Amino acid sequence: ESNAPATKKRKVRQTGNEEVNKLVWEFFVDTRKRLVPCSGPMLQEAALKFATELGVTEFKASNGWLESFKRRHNIAGGTVVGESASVDNATVEDWKEKVGEMIRGYSEEDLYNMDESALIYRATTNKTLFVKGELCSGGKQSKERLTVMLCSNMAGDKEKPLVIGKS
């Protein structure tokens, strides 16, 4: 197979479900090509659907079948890597000094920290299966979200969260 490691010589063993396995492999490749996260239960569901369509009544998409399928096709689980940003450490250290000077003379009850965060409520999972050695990247995530503002002071007092709504 084209995705098998070149260092491993394997004897190809017939499982009796070659057509189902072929269709599940095509489903997996198509799903990952579209950058959609793919899980084990998704593969099992697809396998059962294909087996039914092919009239294979004895087929069970068991966890054992799934593990064998993943091993046969060199598939591993992982986390989809999205965008990442890096911060210059020198900038962080400069700001630590500046903030220390700015807050001098204020009490802990008067020093607040406020931040907003997106509460994304229709996002898909960032866990997926992928072929070992290939990049594990994802596609567009749902943007439907609420914006929530959280605020507390250095003494540990928290303000009520403010939900801004759709953004």
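Residue numbers start at 1 and run along the sequence shown. Quick caveat: nothing in here was measured; it's all calculated off a predicted structure.
A side-chain N or O of D110 and one of S107 form a donor-acceptor pair less than 3.5 Å apart.
Listed by first then second residue, pairs satisfying side chain to side chain donor-acceptor pair (under 3.5 Å) with a partner in residues 148-157 read N153-D157, not counting sequence neighbours. Residue pairs meeting the ring-ring contact (aromatic ring centres under 6.0 Å, His included) criterion with at least one partner in residues 39-59, sequence neighbours excluded, are F59-W65. Identified under the side chain to side chain donor-acceptor pair (under 3.5 Å) test for residues 40-60, with sequence neighbours left out: Q44-N63.
Between L150 and E159 the shortest side-chain heavy-atom distance does not fall below 4.5 Å. Put simply, the side chain of L54 reaches to within 4.5 Å of the side chain of E19, judged on heavy atoms. Counting heavy atoms from C-beta outward, W25 and V20 have side chains that stay 4.5 Å or more apart. Looking only at side-chain heavy atoms (C-beta outward), V56 and N17 come within less than 4.5 Å of each other.
P37 approaches M42 most closely through the heavy-atom pair O-SD, 3.6 Å. Here the closest heavy-atom approach between residue C38 and residue R32 is recorded as CB-CD, 4.2 Å.
Atoms NZ and CG, on K132 and N74 in that order, are 5.0 Å from each other to the nearest 0.5 Å. We find the CD1-CD distance between I75 and E67 to be 10.5 Å, quoted to the nearest 0.5 Å. Summarising the geometry, atom CG belonging to L66 is positioned 10.5 Å from atom CZ belonging to R71; distances are rounded to the nearest 0.5 Å. Interatomic distance, CG of L43 versus CZ of F28, reported as 6.5 Å (0.5 Å rounding).
At a threshold of 4.0 Å, the pair E101-R104 does not count as salt-bridged, since none of the basic side-chain nitrogens sits closer than that to a carboxylate oxygen.
Transitive grouping of hydrophobic side chains (ILVMFWY, heavy atoms separated by less than 4.5 Å) brings L162 and M114 into a common cluster. Hydrophobic clustering of Ile, Leu, Val, Met, Phe, Trp and Tyr side chains at less than 4.5 Å, counting indirect connections, keeps V99 apart from Y112.
By the 6.0 Å and 45° rule, K98 stacks over the aromatic ring of W95.
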Could you walk me through whether E18 and K22 pass the salt bridge (charged side-chain N to carboxylate O under 4.0 Å, His left out) test, one step at a time? CA-CA 6 Å; E18 283 72 27; K22 178 178 177 256; over 6 Å; no
